[in-house]
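Worksheet for the structure shown next.
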There are 2 protein chains.
Amino acid sequence: MARRGSYAKGVAKRGEILDAALEVIGRDGYSRATVREIADAVGLSQNGLLHHFGSKERLFVEVLRHRDELDRLAYGEGAGQRPDIAESLVRLVRHNARVPGLVQLYSRFSAEAAEEGHPAHGFFQERYATARGIIAEAIRSLQEEGRLPPGHDADRLAVLGVALMDGLQAQWAYDSGVDMAGHLAHFLDLVGLRSAARNPAGEDPDAGDPADEDPPAGG
Amino acid sequence: MARRGSYAKGVAKRGEILDAALEVIGRDGYSRATVREIADAVGLSQNGLLHHFGSKERLFVEVLRHRDELDRLAYGEGAGQRPDIAESLVRLVRHNARVPGLVQLYSRFSAEAAEEGHPAHGFFQERYATARGIIAEAIRSLQEEGRLPPGHDADRLAVLGVALMDGLQAQWAYDSGVDMAGHLAHFLDLVGLRSAARNPAGEDPDAGDPADEDPPAGG
DNA sequence: GTCTATATTGAGATAGAC
DNA sequence: GTCTATCTCAATATAGAC
């Protein structure tokens, strides 16, 4: 509102910086992804960059927010033909295994921001609550349709699901042979969520994911 | 072997430093727990402390190793009357909820050390493998005794269990109302591990834990 | 052998010129 | 909106006292 003619330029520059941050983090790892490195990658000085985001923490929060937005479009409700929670989560996790830099950013940053007073504390607090809410709501929908075995507590299952996704990332970070998506799918099978969400008739639960192609997030 | 008379003194000092580190981390949080703060707490200079451990990373690894050792004695095989895996894990997690500083140290440090080449990378890599191995082995024992529903993959369940413990810590860090032990117990119930491990006859699965008293780890 | 004092390096944050 | 210069602070390495 109060911003002047160069508003569009600022927005474009912010997008450019987010992309550069992603690239540097992916290439050099989180601890080498300093403000200076990212600034170099985008052709700015350190403080030329910080002018747009204020601090490293705020920059990283925006990177993660941007990631969530893209993931929501690609795997969230309304994405693809079947907005089914179990399959959406498995696909999301499968996608994550192809972007280790982002996963590392998420893991380290969320661990740091757990400390009260950290600039990103509120972001993650809200994100966890939202994630649990989305999953719990999807489970309740299945229950209303009668496609889930009775006796399941949607809120509790949501906590377990979110915890599993986080925890699998930790093990995967130390052993890339850990198949995050496979283990999540196994859990969903165990609690009856996967077959319920997909096809009550009972087709092959692993069919239908042609390759691990990136979703149409960027195109 | 080559060490001389002051060996015992060095060992005692190391123990003193580990205790001080725990206290500072618990009181001020991980990011305020600098080498200088810990050194002050134990009455040493920064490098007086680093002389014993070499670096902050090595000090923290020793803190976590010491914690694991105490936990193993208190909750591992042979601790208490019933060396039953499900109950041991639930009790361990319940105990963790009473030492937020240690949990924060573990979470942040394991996230940092995921980067290849970090001084603590090997420690966590080994720790994850060991944790999975212990749980998988305990499950296999139950299976051999015929106390577990058939069709369970011990190795897969172990991965899920470890992931759950890590992931629940993350959510708990942002909302201390998240009952880590309760959610883990719920998971173990869901997969049939808890009732199998405890009492095939089917007693109240939450009885027998009088209070959340600390185990005889220090005495 | 053990410690104190100090210097160096590298990170992010801040101030103010253009 | 971007830059240069400077500040603070943690971690590490070195020199040398006892």
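Note on naming: letters A, B, ... go to the chains in the order of the sequence lines (proteins, then strands), and numbering restarts at 1 for each one. Source: prediction; values computed, not measured.
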Interatomic distance, A/Phe60 CZ vs C/dA11 C1' [rounded to whole Å]: 12 Å
Between B/Glu23 and B/Arg27, does any side-chain N to carboxylate O distance fall below 4.0 Å? yes
Expected output: side-chain A/Gln171 to main-chain A/Val178 donor-acceptor under 3.5 Å: no
Describe the nucleic acid contact of B/His51 in one word from base, sugar-phosphate, nothing, applying a heavy-atom distance below 4.0 Å. sugar-phosphate
Would you call B/Glu115 and A/Arg108 a salt bridge, using N to O less than 4.0 angstrom? yes
Determine the contact category for A/Leu44: base if any of its heavy atoms lies under 4.0 Å from a base atom, sugar-phosphate if only primed atoms, P, OP1 or OP2 are that close, otherwise nothing. sugar-phosphate
Take the protein atom CG of A/Asp40 and the nucleotide atom C1' of D/dT2, then report the distance between them rounded to whole Å. 14 Å
Would you mind reading off the distance between A/Arg32 atom CZ and C/dA11 atom C1', rounded to a whole angstrom? 14 Å
Output the rounded distance in Å from CG (A/Leu59) to P (C/dA11). 16 Å
Would you mind reading off the distance between B/Leu49 atom CG and D/dA10 atom P, rounded to a whole angstrom? 15 Å
So, are B/Asp155 and B/Arg132 salt-bridged, with charged N and O less than 4.0 Å apart? no
Examine A/Tyr30 together with A/Tyr106 and report whether their ring centres are nearer than 6.0 Å. no
A/His52 side-chain N/O to D/dT2 phosphate OP1/OP2 under 4.0 Å: yes
List the atom pairs, with distances to 0.1 Å, where a side-chain N or O of residues 36-48 of chain B and a protein N or O form a donor-acceptor pair under 3.5 Å, not counting sequence neighbours.
{"from": "B/Ser45", "atom 1": "OG", "to": "B/Asn47", "atom 2": "N", "distance (Å)": "3.4"}
{"from": "B/Ser45", "atom 1": "OG", "to": "B/Gly48", "atom 2": "N", "distance (Å)": "2.9"}

B/S/- contact track for nucleotides 11-18 of chain D, protein heavy atom under 4.0 Å: BBBB----
Could you check how far CZ of B/Phe53 sits from C1' of C/dT2, rounded to whole Å? 15 Å
Integer-rounded Å distance: C/dG12 C1' and A/Tyr30 OH: 12 Å
C/dG12 P sits how many Å from A/Arg58 CZ, rounded? 15 Å
Would A/Phe123 and A/His118 count as a close aromatic pair, with their ring centres under 6.0 Å? no
